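Structure record follows, encoded as structure tokens.
A note on names: the letters A, B, ... follow the listed sequences, proteins ahead of strands, and every chain is numbered from 1. Quick caveat: nothing in here was measured; it's all calculated off a predicted structure.
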Amino acid sequence: MYPDGVRHRDPGTPPMLDAAFVRDHLDAVKANIANRGVTADVDAVLRLDDERKRLQRQADETKAKQNQITDAFKKATPEERAKLKEESGKLKEQVAGLDALLKEAELELRKALSVIPNMTHPKAPVGAGDTANVTVAEFGTKPAFDFKPKDHVELCQLLDLADFEAGTKVAGQKFYFLKNEAVLLELALIQYAMTKLVAKGFTPVITPDLAKVEILEGIGFQPRDTAETRQVYTVADSDLCLIATAEITLGGMHADQVFAEDDLPKRYVGLSHCFRTEAGAAGRDTRGIYRVHQFTKVEMFAFCTPEHSDAIHEEIREIEQDIFLGLGIPFRVIDTCTGDLGGPAYRKYDLEAWMPGRGNGGDWGEITSTSNCTDYQARRLGIRYRPKEKKGGGLPFAHTLNGTAVACTRAIIAILENGQQADGSVLVPEVLRPWVGKDRITAKR
RNA sequence: GGAGGGGUGGCAGAGUGGUCGAAUGCGUCGGUCUCGAAAACCGAUAUACCAGCAAUGGUAUCGAGGGUUCGAAUCCCUCCCCCUCCGCCA
């Protein structure tokens, strides 16, 4: 327990190194913070780190004295022993005081460090907000309709694919029941993605849908934010949260572990439900299943050595492209700019599908996202590896990457809106037909 | 949920108050031997933080936290986790 009454991960380990990095790259860290448009007090980090070191030195020296007394005790005469006991008692009090101060200093430092974002890939576009995002590629052709395309909400109603009213009745706004072919589509998408990824050597897992606060924090979420800004649901009377993505559980899976270098890279594909409060998104995308509190997602995650993370990031992006090319959905690839990167991400690509029913006459909508988080998450979760060739002290941190294989709701929107026909039916993507069991979704009578 | 057993280094496993950061075995790395390999033999092999250019030194860690003690892997308390058996259950 810490002075704030909250349990944190072992303070003796990982994030402390961050301070050394900040110290050594002061200008770069400050520039990065500016590029990302966040506020973080770098100087406070240095100040708190100095304070922590000072206290640690003091505490260590006092403990060393105590140990000397213990050593002297054996050969001491009874009179000397009485004296040593007294002296040790005094030192004990000092140590207790210093340790308390040290813990507090570590906590303060941790807080200051926690708001410093990851460094940024040199090729990531620089810009505020999402204004400087760069479209790096576009795939497929937008469908040319000779009729006015419907949006997915209308299609769901006409084809009886979802029940939003029942969702609201049972669980509230932004919950939904999938029905009929939408259910089969979701299951088919899972199968399709899983099959593809297993073939590529990813280890399939089904993860818990809940995770501990400390794991969320390690991944870079802020479950302790106020209810107004918190992105995840917390479970009352517990230290658990509903996960917002399997990235959380997949990353946490190897927390506090040391990989052998030969075991890396490790690639996982995880299936989970995802729960999001959508705090701060009030009023946006209120229709249909675009922005909902619960959805199903197949997520990729990789642990690797630092020299491989750039390549694996590209690999994951290509898999995402491959998945949506296979579904026949037109999409574009965005290289996310500094102002739009999350704290943990070093670089991030988003895939945006063309959604003919979105906005006025169609618009792009995010369907996947892949981030290279370098060692940001690994530091917080204590994920290291043992290098084949020992080079000096310390075990290096692994790099972590994540990427959406399929977020079912968004994929379903893209499938329905792009596959719709003049007669109101929807063509099922060929790759999904074996699981859906039909070529076309038509209205029920 | 009930009863019992247990959590020690990469793994296995000893250790019940100081001589223990910790025997031994396996694994790994280096060496000897060999044309090469295996075997055998010799040696090395936890992590983090602090000080130092470094050599090195200091501190902490035997599931977590607290306590007793000059001194705790070892004794006491609380919590967590794992295993076995029983009960319950999709």
Next item on the list: Determine the Euclidean distance between corresponding C1' atoms of B/A3 and B/G87; express it in Å to zero decimal places.
Entry: 11 Å
Note to self: Heavy atoms from C-beta onward define the side chain here; which of B/C70, B/G18, B/G10 lies closest to that of A/K74?
What the structure shows: B/G18
Next item on the list: Just compare B/G10, B/C49, B/C70 and give me whichever is closest to any side-chain atom of A/T70.
Entry: B/C70
Notebook entry, point to check: What interatomic distance, in whole Å, is found between P of B/A51 and the corresponding atom of B/A39?
Noted result: 46 Å
Checklist line | Options B/U59, B/A48, B/C50, nucleotide nearest the side-chain atoms of A/R57 | finding: B/C50
Notebook entry, point to check: Looking only at atom P, what distance separates B/A44 and B/U56, rounded to whole Å?
Noted result: 14 Å
Next item on the list: Please report, rounded to the nearest Å, how far the C1' atom of B/C81 is from the CG atom of A/D239.
Entry: 14 Å
Notebook entry, point to check: For A/D71 and B/G71, what is the distance between atoms CG and C1' respectively, to the nearest whole Å?
Noted result: 9 Å
Note to self: Expressed as a whole number of angstroms, how long is the span from A/R386:CZ to B/G10:P?
What the structure shows: 6 Å
Next item on the list: With A/I415 as reference, evaluate A/L189, A/V428, A/L155 under the side-chain contact (heavy atoms from CB on, under 4.5 Å) test and give the passing residue.
Entry: A/L189
Next item on the list: Map A/V258 and A/K63 onto RNA chain B by nearest heavy atom, then report which one ends up closer to the 5' terminus.
Entry: A/V258
Checklist line | Complementary nucleotide for B/C89 - Watson-Crick or wobble, under 3.5 Å | finding: none
Next item on the list: Calculate the interatomic distance between A/I69 atom CD1 and B/U59 atom P; express it in whole Å.
Entry: 13 Å
Next item on the list: For the side chain of A/L395, starting at C-beta, report the closest nucleotide among B/C70, B/G66, B/A48.
Entry: B/A48
Next item on the list: Report the relative orientation of the aromatic rings in A/H254 and A/F303; use parallel for angles under 30°, tilted for 30 to 60°, perpendicular for over 60°.
Entry: perpendicular
Note to self: Is it the case that the side chain of A/Y176 and the backbone of A/Q294 share a donor-acceptor pair, with hydrogens and angles ignored and the cut-off at 3.5 Å?
What the structure shows: yes
Margin query: Only pairs with both distances under 3.5 Å count, Watson-Crick or wobble alike; so what is the partner of B/A23 in this structure?
Written below: none
Note to self: Less than 4.0 angstrom between a side-chain N/O of A/R52 and OP1 or OP2 of B/C50, yes or no?
What the structure shows: yes
Notebook entry, point to check: Do A/Y349 and A/H313 have their ring centres less than 6.0 Å from each other?
Noted result: yes
Notebook entry, point to check: Considering only side-chain heavy atoms of A/K103, which listed nucleotide, B/A60, B/G71, B/G66, is closest?
Noted result: B/G66
Check: Between B/G18 atom P and A/Q68 atom CD, what is the distance in whole Å?
Finding: 21 Å
Note to self: Can you tell me the base-pairing partner of B/C62? Count Watson-Crick or G-U wobble geometry only, both distances below 3.5 Å, and say none if there is no partner.
What the structure shows: none
Margin query: What's the gap between B/C41 and B/C26 when it is taken at their P atoms, as a whole Å value?
Written below: 9 Å
Next item on the list: Provide the Watson-Crick or G-U wobble partner of B/A51, both distances under 3.5 Å; none if there is no partner.
Entry: B/U56
Notebook entry, point to check: For A/D49 and B/C49, what is the distance between atoms CG and P respectively, to the nearest whole Å?
Noted result: 11 Å
Checklist line | Shortest side-chain distance from A/K53, nucleotide among B/G58, B/A51, B/G66 | finding: B/A51
Note to self: Can you check the distance between B/G52 and B/G57, where both ends of the measurement are the C1' atom (answer in whole Å)?
What the structure shows: 9 Å
Next item on the list: Determine the contact category for A/K92: base if any of its heavy atoms lies under 4.0 Å from a base atom, sugar-phosphate if only primed atoms, P, OP1 or OP2 are that close, otherwise nothing.
Entry: base
Notebook entry, point to check: Heavy atoms under 4.0 Å, any strand shown: does A/N67 hit a base, just sugar-phosphate, or nothing?
Noted result: sugar-phosphate
Check: Is there a Watson-Crick or G-U wobble partner for B/C70 with both distances under 3.5 Å, and if so, which one is it?
Finding: B/G18
Next item on the list: Examine distances only and state if a side-chain atom of A/N180 and a backbone atom of A/D160 form a donor-acceptor pair shorter than 3.5 Å.
Entry: yes
Check: Using purine N1 to pyrimidine N3 plus N6-O4 or O6-N4 for Watson-Crick, or N1-O2 and O6-N3 for G-U wobble, both under 3.5 Å, which nucleotide pairs with B/G9?
Finding: none
Checklist line | Integer angstrom distance from the P of B/C70 to that of B/G65 | finding: 23 Å
Next item on the list: Give none if B/G36 has no partner; otherwise give the nucleotide forming a Watson-Crick or G-U wobble pair with it, both distances under 3.5 Å.
Entry: none
Check: Separation of A/L101 atom CG from B/C50 atom P, in whole Å?
Finding: 18 Å
Notebook entry, point to check: Rounding to the closest angstrom, what is the interatomic distance between B/A46 and B/G10 at atom C1'?
Noted result: 9 Å
Check: Side chain of A/R386, backbone of A/A260: donor and acceptor closer than 3.5 Å?
Finding: no
Margin query: Can you see if the side chain of A/R384 gets near the phosphate of B/A48 - specifically, an N or O under 4.0 Å from OP1 or OP2?
Written below: yes
Checklist line | Atom P, compared across B/G58 and B/C77: separation rounded to whole Å | finding: 35 Å
Notebook entry, point to check: If only side-chain N and O atoms of A/R81 are considered, is one of them under 4.0 Å from the OP1 or OP2 phosphate oxygen of B/G71?
Noted result: no
Check: Where the side chain of A/D60 is defined as all heavy atoms beyond and including C-beta, which of B/U47, B/U59, B/C70 is the nearest nucleotide?
Finding: B/U59
Checklist line | Partner nucleotide of B/C29 by Watson-Crick or wobble geometry (both distances under 3.5 Å) | finding: B/G43
Note to self: Heavy atoms from C-beta onward define the side chain here; which of B/G18, B/G58, B/C49 lies closest to that of A/A64?
What the structure shows: B/G58
Check: Can you tell me how far NZ of A/K75 sits from OG1 of A/T77, rounded to the nearest 0.5 angstrom?
Finding: 13.0 Å
Item checked: Whole angstrom value for the distance that separates C1' of B/U19 from NZ of A/K75 -> 12 Å
Note to self: Looking at every non-hydrogen atom in both residues, tell me the closest pair between A/G343 and A/R36 and how far apart they are.
What the structure shows: O-NH1, 3.8 Å
